[in-house]
There are 2 protein chains.
Amino acid sequence: MSRQAPTLEDVAREAGVSRATVSRVVNGVRNVDPAIQDLVRRAIERTGYAPNQAARQLVTRRTTTVALVVSGAGDASDTEQNAFATRVFADPFFGRVVGGVVGHLRPRRMHPVLMFAETPEARREVVAYLRQGGADGALVVSTHPDDPLPALLAGAGMPAVLFARPGRPVPLSYVDLAHRDGGRLAAEHLLERGCRRPATVTGPLAVAASQERLAGFRDTLARHGHPHVPVAEGGFTVDSGMAAMASLLAEHPDTDGVFTANDLMAQGAVQVLRDHGRRVPQDVAVVGFDDSSVAVTCRPRLTTVRQPVEEMAATMARLLDDHIKGARTEPTSVIFDPELVVRDSA
Amino acid sequence: MSRQAPTLEDVAREAGVSRATVSRVVNGVRNVDPAIQDLVRRAIERTGYAPNQAARQLVTRRTTTVALVVSGAGDASDTEQNAFATRVFADPFFGRVVGGVVGHLRPRRMHPVLMFAETPEARREVVAYLRQGGADGALVVSTHPDDPLPALLAGAGMPAVLFARPGRPVPLSYVDLAHRDGGRLAAEHLLERGCRRPATVTGPLAVAASQERLAGFRDTLARHGHPHVPVAEGGFTVDSGMAAMASLLAEHPDTDGVFTANDLMAQGAVQVLRDHGRRVPQDVAVVGFDDSSVAVTCRPRLTTVRQPVEEMAATMARLLDDHIKGARTEPTSVIFDPELVVRDSA
DNA sequence: GGCGCGTGGTAGAGCGCTCTCCTGCCGTGT
DNA sequence: ACACGGCAGGAGAGCGCTCTACCACGCGCC
């Protein structure tokens, strides 16, 4: 790459036409004589021309990227920062988000810039990046209900779409799941299986989704003669699922059915159950949530409430596209329906 | 964002200096009178100025991004494309790569653009993106030994660094692990535990790393009186680990120690072992590879050969930086040492 | 036959920044 | 006192592209 890259000018000279004509051919805009089109294309071929993105961006004020931000709320120290990315991607959930986003972006020749915003410093960097025109908008996945990033983005007037309804109302579009229905689905399945002593391991109760999954689960059980359901709070990790299950078992050894608010915790719960001599699903039935990859890789394979993460992520990207193009100005929300997937654990 | 964003010109006017001076203050280049610096900074504050990346890129010919490419070798159909991302990130390995890369990039205000290159079409797109100046270079993680992308990149003269030595020699820098030593470490540990009938589940034997882990394992055992070691080939997934373990067990029911070429397969092997009534580690000891997050979340926790993926990824980013800056012109390789991490499975 | 009109092309003005060159002004040495 | 080096700040030329004019030309129309 030592010698200068060819420019539009070079191609134009080579083809014997003007810069504008070449530009039109490249961008497929306006009518250009087929013969000339061919001429130009041949010249492009010969010169090995590739349009300069920076120059194009400068005039169109559009990039070919969107920021894909995984956001926390903490004040993590510098040393913890790298670990954040590792930790985040340890949950198969994020891989699915990436898959969904890329699925929408790719056919449009757009690409995601990966950013992490778990500290005030990092959040500033994200906003700065957007303001400098590094990306056209942001797709935000928060890991914490008090995440200040959405408000920052909305305040800066940047196009942004969230995964899940923000803790505090923010004038931004988002996609979400009917979590309450998910809880209901889990309850109904446990009931149908004949569970008499259901319990649940929730996600962090500060998270709205956890609250709603619990509410759906609880309400459904209450309606079927189970006014009091043992509850233990977890943190969406395997370890927290183990701890929660252990405490549940200590206080309610007769538990015969557990709904855990995600698959990772279900995995932990199953392990603890086994360690305590319970067979799953014979002695205790376990229903997870998400239908992530671990649901099929762990044994027994998990019966779980499916969250269509890829679809949700793709929709998120579509909404952002609309906002960027100006085709949509009002914040919108799209809510997806969960679905029960029956496997071996319940 | 309806009204025009402020430009250098606006700040200059506001501060009563020239554009060049403002630019110098912003970029911290050359000496500028402290009083004037202050004046300019205040003007920036007031106007809410943010430098336009596109304009800057146009003249400096440098972006603030590098491509982080996960690459395959296949001709996957369109419908499989989205799944590729999901599948890739189901392995905790990639999350660690991202963590390491971001750890290096972030302090330098650089960001990774995530790209997937599992089809010829997608590979072309990656090369085109780089040639158009969308990113300054590429960090490539191949999932397949015959991946044509490295050669494409080298041919185009694009700065690029690979994770793992490429199948065919390519004049590109890379980082890698001393896989052979890893195999040796596993063998030695199994031997020390008193295993009499060791066996191994390898990765895809087309992958050099799999070959070397196997060679290291085999050679060490041979040197200690085990000239023949049962081998089953896996595919680095939980399922393939299960299948491989099952076949191993069928032919060699007296196996008392297994080295699996990654942790995911170790997890699968443990499950199959359990299903066949073997206790781990009492009846059969299992040593994994990678020290990924599953090593500590699964039960029993895995004894495994640690691969310092984050460090390796960070080094990859550093090498790329050097190449981009021109501080390094010759392809270089950096080889890391594996380390045995003893937990419960062996 | 002049005129409007659609078609296919050119010319050239920016987009916002960096960076080289230049100028004016000090301090210093002889 | 004067030449001169060094340094701070300004002027202005691009970087490579898009896009709005604008022009040339041929056609059908009254």
Side-chain angles (χ1 to χ4, degrees), chain A residues 1 3-41 43-44 47-64 109 128-134 136 325, chain B residues 1 3-41 43-44 47-64 109 128-134 136 325:
Chain A
M1 287 310 266
R3 69 171 201 284
Q4 208 56 277
T7 72
L8 258 198
E9 191 70 52
D10 298 325
V11 178
R13 199 179 318 114
E14 179 80 17
V17 297
S18 77
R19 228 172 40 238
T21 301
V22 179
S23 173
R24 285 202 271 264
V25 171
V26 170
N27 297 302
V29 91
R30 240 178 86 167
N31 280 341
V32 175
D33 189 300
I36 294 195
Q37 278 195 37
D38 215 61
L39 209 63
V40 170
R41 262 185 249 289
I44 289 176
T47 53
Y49 171 74
N52 179 315
Q53 276 200 12
R56 187 179 272 177
Q57 279 174 34
L58 184 56
V59 22
T60 60
R61 304 177 156 278
R62 285 283 303 275
T63 68
T64 59
R109 306 245 138 151
Y129 190 74
L130 264 340
R131 296 211 332 129
Q132 297 173 4
D136 294 338
K325 289 208 287 266
Chain B
M1 289 310 268
R3 69 172 200 285
Q4 207 56 278
T7 71
L8 257 198
E9 191 71 51
D10 298 324
V11 178
R13 200 179 316 114
E14 179 80 16
V17 297
S18 76
R19 227 173 40 237
T21 302
V22 179
S23 173
R24 285 199 271 260
V25 171
V26 170
N27 297 303
V29 90
R30 247 180 74 171
N31 278 343
V32 175
D33 188 303
I36 293 192
Q37 277 194 37
D38 215 61
L39 209 64
V40 170
R41 263 185 249 287
I44 289 176
T47 52
Y49 171 74
N52 180 315
Q53 276 200 13
R56 188 177 271 178
Q57 280 173 34
L58 184 56
V59 23
T60 61
R61 308 181 152 275
R62 285 283 302 275
T63 69
T64 60
R109 308 242 139 155
Y129 189 74
L130 264 340
R131 295 209 335 127
Q132 296 174 3
D136 294 338
K325 288 208 288 266

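Residue numbering restarts at 1 for every chain, and letters A, B, ... go by the order of the sequence lines.
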Using whole Å, report how far CG of Asp33(B) lies from P of dC26(C).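 It works out to 13 Å between those atoms.
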Which letter, B, S or -, goes with each nucleotide of nucleotides 13-21 of chain C from 5' to 3', with contact meaning a protein heavy atom under 4.0 Å? B-BBBBB-B
Any salt bridge linking Arg41(B) with Asp38(B)? Criterion: basic side-chain nitrogen under 4.0 Å from a carboxylate oxygen.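 Between Asp38(B) and Arg41(B) there is no salt bridge, as every charged N stays at least 4.0 Å from the carboxylate O atoms.
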Give me the atom names and distance for the closest heavy-atom approach of Ser18(A) to Ala12(A).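 Heavy-atom minimum between the residues: C-CB, 3.7 Å.
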Residue-phosphate contact under 4.0 Å: Ser18(B) side-chain N/O, dA11(D) OP1/OP2: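 Answer no for this pair, as no side-chain N or O of Ser18(B) is under 4.0 Å from OP1 or OP2.
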Could you tell me if the side chain of [Y] sits less than 4.5 Å from the side chain of [X], heavy atoms only?
| X | Y | result |
| --- | --- | --- |
| Thr7(A) | Asn52(A) | no |
| Val26(A) | Arg56(A) | yes |
| Tyr129(B) | Arg109(A) | no |

Thr21(B) near the nucleic acid: base, sugar-phosphate alone, or nothing, with a heavy-atom cut-off under 4.0 Å?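 It contacts sugar-phosphate atoms only.
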